[in-house]
Amino acid sequence: MIPEYKAAEIEKKWQKKWETTKLYRCNLQDLERKLYCLVMFIYPSGDKLHIGHWYNYAPTDTWARFKRMQGFNVFEPMGYDAFGLPAENYAIKMGVHPAESTEKNINVIREQLKAMGAMYDWDHEINTSRPEYYQWTQWLFLQLYKNGLAYRKKAAANWCPTCQTVLANEQVVDGYCERCESEVLTRDLEQWFFRITRYAEQLLDGHNQIQWPEKTISMQKNWIGKSIGATIDFKVVDHEDLIQVFTTRPDTLFGVTYMVLAPEHPLVEKLTRPEKRAEVDAYILQARKLREIDRTSTEKEKTGVFIGSYCVNPVNKEQVPIWIADYVLVTYGTGAVMAVPAHDQRDFEFAQKYHLPIRKVISPNGEKSEDDLTQAFEETGVMIDSGQFSGMESTKGIDAVVDYLWENGCGDRRVNYKLRDWLISRQRYWGAPIPIIYCEGCGEVPVPESDLPVLLPENVEFKGKGISPLATSPDFVDVPCPKCGKPARREIDTMDTFVCSSWYFLRFLTPKIKDRAFDTSICDAWLPVDQYVGGAEHAVMHLLYARFFVKALRDFGLIHFDEPFQRLVHQGTITNKGAKMSKSRGNVVNPDAFIEKYGADTFRMYMMFMGAYEEGGDWSDEGIVGIYRFLRRIWRIVLQIHESKPCGAEGTRYKKVVQQMHYAIKNCTGDLERFHFNTSISRIMELVNEISLYIQNVPANEQNRNLNEELIPNLLRLIAPFAPHFAEELWERIGKTYSIFDQKWPEHDESQLIKETTSMGIQINGKIRGQIEVAVDVNDADIIKMAMDDEKIKQYIKGKTIQKALVVKNKLVSLVIKDMP
RNA sequence: GCGAGAGUGGCGGAACUGGCAGACGCGCUAGAUUUAGGAUCUAGUGUCCUUCGGACUUGGGGGUUCGAAUCCCCCCUCUCGCACCA
């Protein structure tokens with residue numbers, strides 16, 4: 001009598017055994033075949049594990065287990081990105097201290113993660129909100145500070161009125177807060193920045209040495225936004241001032257007919273003529289009122305005003321009027337643009353509206369034409385009406401003009417980036433305090449490393465609004481200056497949580513060391529992370545910041561590699577009945593209910609079966625039973641064969657089963673490698689179907705003994721990464737030694753895949769008309785003959801001439817026929 | 001608006017470099033077994049045509065090819081990213 005498959009019981013049993021035997025403890029000293037498999041650690045904001053977490057973690061764990069069985073020394077850690085706004089907001093909502101609620105949530109989540117059955121090495125767990133961790137986040141801040149990569153400045157910052165804090169550029173999506181979707185305002189504030197812009201070029205270069213999705217790389221490239229061009233200085237008439245512009249088209253300099261400054265440009269105030277003052281002020285006021293999103297919309301008609309002053313074009317000494325317009329952004333380039341309406345569509349539209357001259361200086365063929373342009377000609381061509389440069393190819397003209405400007409001291413080559421420095425100050429409580437003290441005498445003083453950590457005070461009013469909660473703790477704020485000992489005050493802002501997660505992959509290796517943030521030699525040995533898995537939404541935030549950190553730390557001599565993550569895979573999104581899951585739609589799938597009903601093994605396996613991992617899939621409450629049935633089917637077959645102990649020697653039918661096994665091993669392995677879990681599972685299903693047919697059709701006493709000895713063990717090895725508890729249980733039940741995860745992943749034998757005959761389709765004029773069974777060693781000419789001798793085919797080719805006949809090996813025969821002339 | 005990806009049965013999805021479209025699973029139909037089953041097993045299941053058999057089928061339209069889901073051109077829809085970046 002075959003016992004029932006009791007998932008809950010089995011899963012508990014093995015989770016316990018794995019833990020007590022420390023099966024997944026990784027020996028970091030063993031570097032041969034090391035493999036660092038990392039999944040983005042969890043953000044414990046208050047909710048339990050949702051389906052997205054499962055989809056991130058379970059398949060990655062399957063991959064890691066597969067690699068372990070292939071003989072790799074796999075390090076797969078898990079921890080908590082525990083600081084941050086959602087956790088703080090959750091605590092406020094529940095009326096408890098964030099430290100308390102975070103700790104509680106982590107305890108729940110840890111149990112859930114364990115119930116998933118992943119092979120995390122729990123000895124390496126980290127929690128970024130613990131002083132043991134954030135002490136080193138602060139230490140890293142100081143290293144950046146010491147090396148000139150952390151600085152404070154007053155700047156217009158993105159302010160989220162709901163979150164009551166500033167945000168980094170990366171956290172503002174279309175003018176709205178990435179987290180809470182409130183409209184983001186601008187506020188002038190003193191803020192801390194990390195000088196990520198210094199690494200712009202290196203961040204671009206590094207893309208060449210990592211295997212990441214094309215799309216993610218291009219998003220980063222786009223975000224960094226490199227453009228090569230020149231700066232050009234325009235003297236202002238009757239003023240000492242120079243207006244500097246950045247342009248990628250110095251070859252169009254002779255076509256400049258006006259100058260445009262951003263309304264916020266510092267020179268606007270000074271250069272506005274008295275008679276224009278009222279008009280200009282009104283325009284600036286109006287531009288300010290416009291929401292960022294409206295102002296930057298390309299749909300919006302361009303507007304601007306003339307401020308009354310003129311500047312001089314350095315190549316032809318022509319005076320051109322200076323305008324301000326909100327299509328020029330103060331944050332990009334120099335905040336000023338030389339307008340060339342004939343060769344820039346935006347300038348063209350503006351010039352048309354305000355009747356400014358449009359002067360053609362680039363011609364497609366070098367010839368002048370009197371026709372009016374209907375739109376700007378933005379391509380390259382031949383320079384015309386450009387003084388000594390006329391007749392020159394515009395691509396060469398770029399260099400020639402810049403050389404001329406440089407010689408005359410009014411221009412230079414310049415590479416410009418869109419990337420801005422990373423604003424890391426947050427006016428919130430639940431984060432790592434910035435380790436800086438302000439002293440009236442000594443100014444900005446870094447907290448000495450020996451005084452770290454700067455502990456988050458407990459007695460804080462963190463529910464307040466508009467001011468950093470740390471300001472409400474006098475014990476925290478008032479400190480003696482570390483330099484002169486006089487009364488001073490601490491920085492009251494905390495760091496963006498992305499700072500914590502920019503180096504966690506280093507800490508994971510040695511989470512408990514007390515005297516260093518990380519161990520240089522262990523990091524050098526284990527990094528870069530071999531396989532990183534996480535959401536695509538981090539493309540220009542976490543993934544860019546972490547790369548910046550690694551490059552900076554490398555330059556400080558603390559590590560000796562260039563990139564944190566060698567291979568990167570993003571999981572797709574799970575939908576439910578075709579729609580994105582959301583609380584408002586009410587179609588959120590709660591994993592717990594399904595795990596209770598079918599077990600974690602079925603649940604995780606079904607997620608992998610739904611679709612291609614990187615594309616996500618559509619959840620179906622019905623579909624999951626397919627996997628449940630499949631596991632129970634294996635359960636019965638394995639135990640039945642184990643009981644009946646086949647000892648026969650039946651060979652003909654068995655050969656087919658073996659062939660199917662090698663086919664399954666081959667494809668299952670290849671697909672797992674590429675994170676194609678769904679097709680990988682399909683191959684195992686086919687194998688099970690074949691075994692099932694065999695034991696039904698071949699009498700028990702004849703069944704091949706290898707069924708028990710070779711086939712079933714291999715089947716269990718194949719299923720083990722997908723359904724770990726299930727496979728471990730059956731492995732034990734068939735009398736094998738613990739653990740199946742110390743077993744070697746099966747390898748296929750290519751020679752076993754070769755069939756004696758193949759069935760080939762016969763195509764006539766592109767349409768399949770018949771099938772023939774052909775032995776593999778038959779040559780093409782004979783195959784064609786066989787095809788033409790086929791009864792069915794004869795009907796088609798009777799009375800026709802064969803124009804062409806070809807054989808596609810093992811696939812088909814193609815005949816092209818034509819009526820007899 | 002620009003850029004990238006996608007569109008395949010009733011459903012989720014396969015098809016690696018052009019080579020028998022629809023693997024695998026869900027659902028459905030019939031049968032077997034069972035006291036019963038939402039358990040299990042077997043067979044069937046793209047659409048249309050009256051059949052042996054045939055015709056049509058990968059968002060729509062054209063093209064290249066002996067042969068196209070796959071390559072090329074035009075159009076439609078969806079998803080994601082960027083959005084005056086000078």
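So that the names make sense, note that chain A is the first sequence line, chain B the second, and so on, each numbered from 1.
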What is the distance from [atom1] of [X] to [atom2] of [N], rounded to the nearest Å?
{"X": "A/Glu614", "N": "B/rA6", "atom1": "CD", "atom2": "P", "answer": "12 Å"}
{"X": "A/Ile627", "N": "B/rG13", "atom1": "CD1", "atom2": "C1'", "answer": "12 Å"}
{"X": "A/Asn222", "N": "B/rG81", "atom1": "CG", "atom2": "P", "answer": "12 Å"}
{"X": "A/Phe246", "N": "B/rA86", "atom1": "CZ", "atom2": "P", "answer": "6 Å"}
{"X": "A/His676", "N": "B/rA15", "atom1": "NE2", "atom2": "C1'", "answer": "13 Å"}
{"X": "A/Leu631", "N": "B/rG25", "atom1": "CG", "atom2": "C1'", "answer": "13 Å"}

Item to complete: Quick one: stems involving RNA chain B, counted as three or more successive Watson-Crick or G-U pairs, both distances short of 3.5 Å.
Response: B:1-7 with B:76-82, B:10-12 with B:24-26, B:27-32 with B:40-45, B:46-49 with B:53-56, B:59-63 with B:71-75

Worksheet item: Listed by chain and number, what are the salt bridge (charged side-chain N to carboxylate O under 4.0 Å, His left out) partners of A/Glu673, not counting sequence neighbours?
Response: A/Lys67

Worksheet item: Which of the following nucleotides, B/rG3, B/rC24, B/rA86, is nearest to the side chain of A/Met685?
Response: B/rC24

Worksheet, complete the sentence: Those residues at least two apart in sequence (or on a different chain) that pass side-chain contact (heavy atoms from CB on, under 4.5 Å) with A/Val698 are A/Glu650, A/Arg653, A/Tyr694, A/Glu702, A/Gln703

Worksheet item: Who are the side-chain contact (heavy atoms from CB on, under 4.5 Å) partners of A/Lys804, not counting sequence neighbours?
Response: A/Leu806, A/Val816

Please list every donor-acceptor pair under 3.5 Å in which a side-chain atom of residues 623-639 of chain A meets a protein atom from a residue at least two apart or in another chain.
from     : atom 1 : to       : atom 2 : distance (Å)
A/Arg633 : NH1    : A/Asn689 : OD1    : 2.6
A/Arg633 : NH2    : A/Ser692 : OG     : 3.2
A/Trp635 : NE1    : A/Pro3   : O      : 2.8

Item to complete: Look at all strands and tell whether A/Ala805 reaches a base, only sugar-phosphate, or nothing, counting heavy atoms closer than 4.0 Å.
Response: nothing

Item to complete: Would you classify A/Asn689 as touching base, sugar-phosphate or nothing, given that sugar-phosphate means primed atoms plus P, OP1 and OP2, and contacts are heavy atoms under 4.0 Å?
Response: sugar-phosphate

Worksheet item: If you count the non-hydrogen atoms of other residues, nucleotides and ligands that lie under 6.0 Å from NZ in A/Lys353, is the total more than 12?
Response: yes

Worksheet item: So with a 6.0 Å cut-off around CD of A/Glu773, is the heavy-atom count from everything else above 12?
Response: yes

Kindly give the atom pairs (protein nitrogen or oxygen, nucleotide nitrogen or oxygen) under 3.5 Å for nucleotides 39-48 of chain B.
from   : atom 1 : to       : atom 2 : distance (Å)
B/rA39 : O3'    : A/Arg632 : NH2    : 3.4
B/rU40 : OP1    : A/Arg632 : NH2    : 3.1
B/rU40 : O3'    : A/Arg636 : NH2    : 3.0
B/rC41 : OP1    : A/Arg633 : NE     : 3.1
B/rC41 : OP1    : A/Arg636 : NH2    : 3.2
B/rC41 : O3'    : A/Gln696 : NE2    : 3.2
B/rU42 : OP1    : A/Gln696 : OE1    : 3.4
B/rU42 : OP1    : A/Gln696 : NE2    : 3.3

Response to the item:
Of all heavy-atom pairs linking A/Ile224 and A/Leu544, the shortest is CD1-CD1, 4.2 Å

Worksheet entry | For the student: nearest non-hydrogen atoms of A/Pro357 and A/Thr257, plus distance | O-OG1, 2.8 Å

Which pairs, protein N/O on one side and nucleotides 28-34 of chain B N/O on the other, fall under 3.5 Å?
none

Practice prompt. Decide, for B/rG5, between syn and anti: a glycosidic angle within 90° of 0 counts as syn, anything else as anti.
Written response: anti

Is it the case that [X] and [Y] place a side-chain donor and acceptor less than 3.5 Å from each other?
{"X": "A/Arg547", "Y": "A/His207", "answer": "yes"}
{"X": "A/Gln640", "Y": "A/His642", "answer": "no"}
{"X": "A/His570", "Y": "A/Glu614", "answer": "no"}
{"X": "A/Thr197", "Y": "A/Arg420", "answer": "no"}
{"X": "A/Asp618", "Y": "A/Thr575", "answer": "yes"}

Look for any protein N or O under 3.5 Å of an N or O in nucleotides 52-59 of chain B and output each such pair with its distance, or none.
from   : atom 1 : to       : atom 2 : distance (Å)
B/rG54 : OP1    : A/Tyr796 : OH     : 2.7
B/rA55 : OP1    : A/Arg769 : NH1    : 3.4
B/rA55 : OP1    : A/Arg769 : NH2    : 3.3
B/rA55 : OP2    : A/Arg769 : NH1    : 3.2

Worksheet entry | Which residues share a ring pair (Phe, Tyr, Trp, His ring centres under 6.0 Å) with A/Trp422, sequence neighbours left out | A/Phe194, A/Tyr545

Practice prompt. With sequence neighbours left out, write down each residue that passes ring pair (Phe, Tyr, Trp, His ring centres under 6.0 Å) with A/Tyr606, or none if nothing qualifies.
Written response: A/Trp619

Worksheet entry | Summary of salt bridge (charged side-chain N to carboxylate O under 4.0 Å, His left out) pairs that have at least one residue in residues 243-254 of chain A, sequence neighbours excluded | A/Arg249-A/Asp251

Please produce a list of atom pairs where a protein N or O lies less than 3.5 Å from an N or O of nucleotides 16-23 of chain B.
from   : atom 1 : to       : atom 2 : distance (Å)
B/rG19 : N2     : A/Gln763 : OE1    : 3.1
B/rC20 : O2     : A/Gln771 : NE2    : 2.5
B/rC20 : N3     : A/Gln771 : OE1    : 3.4
B/rC20 : N3     : A/Gln771 : NE2    : 3.4
B/rC20 : N4     : A/Ser759 : O      : 2.3
B/rA23 : O2'    : A/Glu686 : OE2    : 2.6
B/rA23 : N3     : A/Arg683 : NH2    : 3.3

